[in-house]
> 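The structure follows.
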Amino acid sequence: MDELILTPNIEGADDFYADLLAAHDGLDKAESDALNARLVLVLANHIGDRTILKQAIDAAKAR
């Protein structure tokens with residue numbers, strides 16, 4: 001993969017979103033931020049491609 005996918009690409013996207021929200025239930029702001037940071041690092045490690053990760057950072061900053 002040479003380019004970041006920005007079109008919808010998650011099977012069961014609504015279910016994923018519900019899981020993500022549920023993971024934050026009962027967390028305060030600092031705990032929620034820490035969970036998000038850990039999730040970003042886990043997913044970045046899974047992707048592993050620095051070019052794609054840089055595209056993701058740029059896309060997130062542009063929104």
Side-chain angles (χ1 to χ4, degrees):
M1 181 186 321
D2 294 333
E3 196 152 326
L4 183 67
I5 298 169
L6 293 174
T7 56
N9 192 41
I10 300 173
E11 185 178 322
D14 290 339
D15 293 333
F16 168 74
Y17 188 67
D19 291 342
L20 183 59
L21 291 179
H24 288 267
D25 282 349
L27 301 181
D28 65 25
K29 172 84 165 101
E31 293 167 330
S32 182
D33 289 348
L35 173 61
N36 283 335
R38 289 190 305 273
L39 180 58
V40 165
L41 293 174
V42 166
L43 293 173
N45 183 67
H46 178 76
I47 294 166
D49 183 320
R50 290 281 312 275
T51 300
I52 298 297
L53 294 170
K54 178 67 168 93
Q55 290 174 23
I57 290 169
D58 293 345
K61 286 176 63 176
R63 300 205 182 256

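Hydrogens, waters and symmetry mates are skipped; everything else that's a heavy atom, side chains included, is used.
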> Who passes side-chain contact (heavy atoms from CB on, under 4.5 Å) against L41, sequence neighbours left out?
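Testing L41 for side-chain contact (heavy atoms from CB on, under 4.5 Å), a comparison that skips the adjacent residues, returns none.
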
> Does atom CG (D14) have a neighbourhood of more than 12 heavy atoms from anything else shown, all under 6.0 Å?
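Open: at most 12 neighbouring heavy atoms sit under 6.0 Å from CG of D14.
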
> To the closest 0.5 Å, what do you measure between CG (D33) and CZ (R38)?
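Here the interatomic distance stands at 10.5 Å.
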
> For Y17, which fellow cluster members are found when Ile, Leu, Val, Met, Phe, Trp and Tyr are connected by side-chain heavy-atom distances below 4.5 angstrom, either directly or through intermediates?
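For the cluster that includes Y17, the remaining residues are L21.
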
> For a quick test of your reading: what N or O donor-acceptor pairs under 3.5 Å do the side chains of residues 50-60 make, sequence neighbours left out?
| unit_1 | atom_1 | unit_2 | atom_2 | d |
| --- | --- | --- | --- | --- |
| K54 | NZ | D58 | OD1 | 2.7 |
| K54 | NZ | D58 | OD2 | 3.2 |
| Q55 | OE1 | L4 | N | 2.6 |
| Q55 | NE2 | D2 | O | 3.3 |

> I47 and L6: same hydrophobic cluster, using ILVMFWY side-chain contacts below 4.5 Å?
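Yes: a chain of side-chain contacts under 4.5 Å links I47 to L6.
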
> Rounded to the nearest 0.5 Å, what separates atom CG in N36 from atom CD in E31?
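Going from CG on N36 over to CD on E31, the span is 12.0 Å.
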
> Transitively linked via ILVMFWY side-chain contacts under 4.5 Å: L43 with L20?
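Result: yes, single cluster for both.
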
